[in-house]
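Only one structure is covered here, and it is reproduced in the block below.
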Protein chains: 4
Amino acid sequence: MTSKKKEKYQLIVEAALKVIAEHGYHNAQVSRIAKEAGVADGTIYLYFKNKEDILISVFREKLGELIGRFHSSISESPTAEEAIRRMCRIHYSELENNVPLAYVTQIELRQSNLELRHAIGDVVKTYIHLIEQVLRRGVEEGSFRPDLDVKLTRLLLFGAMDEAVTSWLISGRKYSLSDQVEGTVEFFLRGLKA
Amino acid sequence: MTSKKKEKYQLIVEAALKVIAEHGYHNAQVSRIAKEAGVADGTIYLYFKNKEDILISVFREKLGELIGRFHSSISESPTAEEAIRRMCRIHYSELENNVPLAYVTQIELRQSNLELRHAIGDVVKTYIHLIEQVLRRGVEEGSFRPDLDVKLTRLLLFGAMDEAVTSWLISGRKYSLSDQVEGTVEFFLRGLKA
Amino acid sequence: MTSKKKEKYQLIVEAALKVIAEHGYHNAQVSRIAKEAGVADGTIYLYFKNKEDILISVFREKLGELIGRFHSSISESPTAEEAIRRMCRIHYSELENNVPLAYVTQIELRQSNLELRHAIGDVVKTYIHLIEQVLRRGVEEGSFRPDLDVKLTRLLLFGAMDEAVTSWLISGRKYSLSDQVEGTVEFFLRGLKA
Amino acid sequence: MTSKKKEKYQLIVEAALKVIAEHGYHNAQVSRIAKEAGVADGTIYLYFKNKEDILISVFREKLGELIGRFHSSISESPTAEEAIRRMCRIHYSELENNVPLAYVTQIELRQSNLELRHAIGDVVKTYIHLIEQVLRRGVEEGSFRPDLDVKLTRLLLFGAMDEAVTSWLISGRKYSLSDQVEGTVEFFLRGLKA
DNA sequence: TATGAATGAGCGTTCATTCAT
DNA sequence: AATGAATGAACGCTCATTCAT
């Protein structure tokens with residue numbers, strides 16, 4: 001039963017992602033998500049508190065996976081410098097290879113109300129903490145500037161990458177996002193290095 | 001008469017800014033804006049095509065002023081390096097000194113629909129072009145790296161500052177944003193310098 | 001379930017007829033119709049596309065019944081002359097015996113917009129085609145003039161009866177409409193007979 | 001001054017006719033009529049009580065002229081039969097030669113509310129009385145049936161002609177309305193003659 | 001007389017959520 | 001657990017009319 005419950009929960013999350021990606025946030029009615037998931041409207045409310053809860057779950061589930069990948073990749077990196085490089089590579093390539101997810105997280109879900117944005121903030125915070133860890137490691141290793149303001153810099157890195165992805169999407173994905181990894185990392189490392 | 005017309009237009013724009021800042025984008029009903037401006041609902045439509053037109057105007061008017069200040073300040077800078085410094089200082093201090101504006105531009109208006117977001121995008125684009133100009137100037141001056149990818153870097157700079165401001169707001173403005181200018185500029189210039 | 005759905009559909013159509021008859025076309029708000037039908041406003045839209053769709057349905061449903069009665073009565077008539085007589089009798093008596101329907105079809109629904117009027121026109125067209133058939137039959141039977149312009153005459157008959165009904169309504173129904181059948185038919189037949 | 005007043009009054013009536021003919025009843029806003037007439041919105045209310053008053057005036061003024069023409073033509077007719085013929089000829093030809101007027105009176109103004117329809121009814125009543133006079137004359141002359149129900153028949157004649165005109169308009173005026181005079185009169189006279 | 005900026009009442013429709021089955 | 005018919009609150013916009021100038 002628990003696994004079945006999980007299954008339907010996942011079914012609805014996937015359906016929500018697909019519907020938002022296809023029709024946009026403002027056309028992602030609960031009934032549409034239910035239809036896409038192959039369940040009745042009312043069934044949604046057996047698994048989610050309300051509509052917002054679905055959207056938060058989409059973000060948490062999908063970005064959770066992404067952040068998991070960061071974690072393992074980063075912890076395996078021999079140096080902080082390499083960790084920064086891998087982080088950016090994963091950030092760009094994962095979103096480039098999953099356009100619907102990119103579209104939903106970068107564009108659509110940002111049109112949501114404050115409560116959802118706070119929830120999204122929590123997920124993003126996890127990622128930002130991860131960046132911070134890498135920065136601290138770099139300082140400790142001696143490869144990054146000892147006077148680095150890690151609290152500030154973690155935001156600058158995240159904001160920079162985030163904007164790079166959003167611009168790539170809005171431009172219509174006319175160029176390769178992965179090709180921007182080198183330029184981005186070069187800029188970051190010069191700013192970070194001791 | 002023209003000045004009176006201008007007055008009422010401005011009155012409504014200011015009212016909209018205030019209402020969105022106080023009640024949030026999704027609670028900024030036209031009737032509420034009208035009430036705040038001290039005019040009848042119908043009067044709004046003598047000055048604006050529709051609700052969206054009000055919001056776009058808020059953005060354009062308010063950010064227009066801001067970008068104007070960037071322009072003059074940057075063109076007067078003796079060096080590209082100094083231009084970057086001034087740009088970041090204005091970006092942070094202007095928003096820090098106008099919290100409602102910061103709140104509306106960073107948080108509330110991003111919840112809007114696609115058409116408004118496109119309009120906002122146009123204003124932001126102006127700013128990003130300005131950043132690009134500074135970068136080119138720095139390369140020409142020889143103070144910035146000759147191999148700098150200006151198309152990419154302008155986004156990284158904008159995204160980094162944008163995120164710094166948003167985080168400061170969401171944190172509840174518990175610290176000084178202006179105090180972050182030095183750290184930000186230090187990071188940028190190391191990444192840019194030849 | 002199907003019958004229940006039918007029931008609610010009919011409930012709303014009847015409510016609309018009653019509301020329009022009582023309050024007039026311009027005061028027949030959707031919320032009023034919903035209230036009269038004993039359903040929520042939103043329920044209306046489970047059965048009708050929009051307000052206009054309700055009104056068209058009122059016309060179609062109600063006049064559809066009427067025209068059905070014409071059909072059977074006319075086809076059973078032994079002669080075209082008798083068909084004309086029955087047609088007029090049904091036309092007058094049915095509307096005389098259903099004043100709300102008469103009021104709505106003759107007065108209120110004619111105040112509607114073009115799209116609805118077109119829809120109404122389609123229903124009326126059916127009736128006019130029926131008249132035409134009777135006229136052709138009379139010509140074939142030899143009882144009506146062989147040189148009769150059926151395309152024109154069908155309009156004259158319909159217009160004449162329509163005006164007789166409307167005048168009777170506007171006069172406040174101070175006289176019997178059924179009593180006018182003889183005079184009307186007499187006039188028609190003299191105009192038609194060979 | 002009186003003539004000037006009359007002038008502006010006429011100006012507005014003509015403008016209203018034109019606007020309704022061009023844009024339809026539901027798009028004939030007061031401000032549009034004012035613009036067409038070359039006066040300010042407020043000026044309208046110096047000459048008319050309200051919007052309805054304008055529309056009633058359009059009908060009264062324009063149909064008044066028409067009925068005046070009926071009057072003279074009919075009174076000059078040597079026989080009642082000829083009067084019927086002339087009446088129908090004028091009815092059809094005047095409207096055929098003034099399509100905007102036909103369109104406004106037959107289609108657009110009928111979408112109006114009850115009060116206006118009552119006012120229109122008054123104008124039409126004048127016409128119907130005229131028809132009645134002709135019928136009485138025919139009976140007195142002995143050319144029309146002595147048992148003719150004039151109260152009823154006047155409606156039948158008016159309704160028949162009215163429908164003929166409306167159908168011609170709705171059909172897109174693909175045929176000549178004047179060509180229908182003979183068929184119409186033939187039908188009428190057979191119905192009327194002793 | 002004439003203006004036209006300002007008014008504000010009025011309404012069709014959507015959709016997240018509920019609940020009887 | 002699952003259904004889906006029913007709910008009803010919420011809101012942008014139009015336009016006839018007014019009135020200060």
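Note that the structure is a prediction, hence the values are computed from the model and not measured. Lettering of chains follows the sequences in order, A, B, ..., and the numbering in each one begins at 1.
Rounding to whole angstrom units, NZ of residue C:K35 and P of E:dG12 are separated by 15 Å. The CD atom of A:E7 sits 16 Å away from the C1' atom of F:dA2 (whole-angstrom rounding). As a whole-Å value, the separation of D:D53 CG from F:dT17 P is 10 Å. Rounded to whole angstrom, the span from the CD atom of A:Q29 across to the C1' atom of F:dG4 amounts to 16 Å. The nearest whole Å value for the distance from the CD1 atom in A:I54 to the P atom in E:dC15 is 14 Å. The separation between A:H26 atom NE2 and E:dT14 atom P is 17 Å, rounded to whole Å. In this entry the distance linking NZ of D:K49 with P of F:dT17 reads 10 Å, nearest Å. Following rounding to the nearest Å, C:L46 (CG) and F:dG8 (C1') show an atom-to-atom distance of 12 Å.
Nearest to the side chain of A:Y47, among E:dA5, E:dT17, F:dA1, sits F:dA1. Of the listed nucleotides (E:dT13, F:dT18, E:dT7), F:dT18 has the atom at the smallest distance from the side chain of D:Y45. Among E:dA16, F:dT17, F:dG12, the nucleotide with an atom closest to any side-chain atom of A:V30 is E:dA16. In this structure, of F:dA6, E:dG4, F:dA2, it is F:dA2 that holds the atom nearest to the side chain of A:T43. When distances are taken from the side chain of A:D41 to each of F:dA5, F:dT3, E:dA2, the shortest belongs to F:dA5. Here the side chain of B:K51 is nearest to one of E:dA5, F:dG8, F:dG12, namely F:dG12.
Judged by closest nucleotide on DNA chain F, A:V39 is the one of A:V39 and C:G42 placed further toward the 5' end.
Note on C:K8: a side-chain N or O is less than 4.0 Å away from OP1 or OP2 of F:dA6.
A:R110 places a side-chain N or O within donor-acceptor distance of the main-chain N or O of A:T105, the cut-off being under 3.5 Å. Remark: side-chain polar atoms of D:K51 are paired, donor with acceptor, to backbone N or O of D:A28 under 3.5 angstrom.
Among residue pairs with one or both ends in residues 33-46 of chain D, those qualifying as salt bridge (Lys or Arg N to Asp or Glu O under 4.0 Å) are D:K18-D:E36; sequence neighbours excluded.
Going from atom CD of B:Q111 over to atom CG of B:L116 covers 11.0 Å, rounded to the nearest 0.5 Å.
Here the closest heavy-atom approach between residue C:V123 and residue C:R60 is recorded as CG2-CG, 4.2 Å.
At a threshold of 4.5 Å between non-hydrogen side-chain atoms, the residues C:N98 and C:P100 count as touching. Put simply, the side chain of B:Y9 reaches to within 4.5 Å of the side chain of B:S57, judged on heavy atoms.
For DNA chain F, runs of at least 3 consecutive pairs of the Watson-Crick or G-U wobble type, with both hydrogen-bonding distances under 3.5 angstrom, map to E:2-21 with F:2-21.
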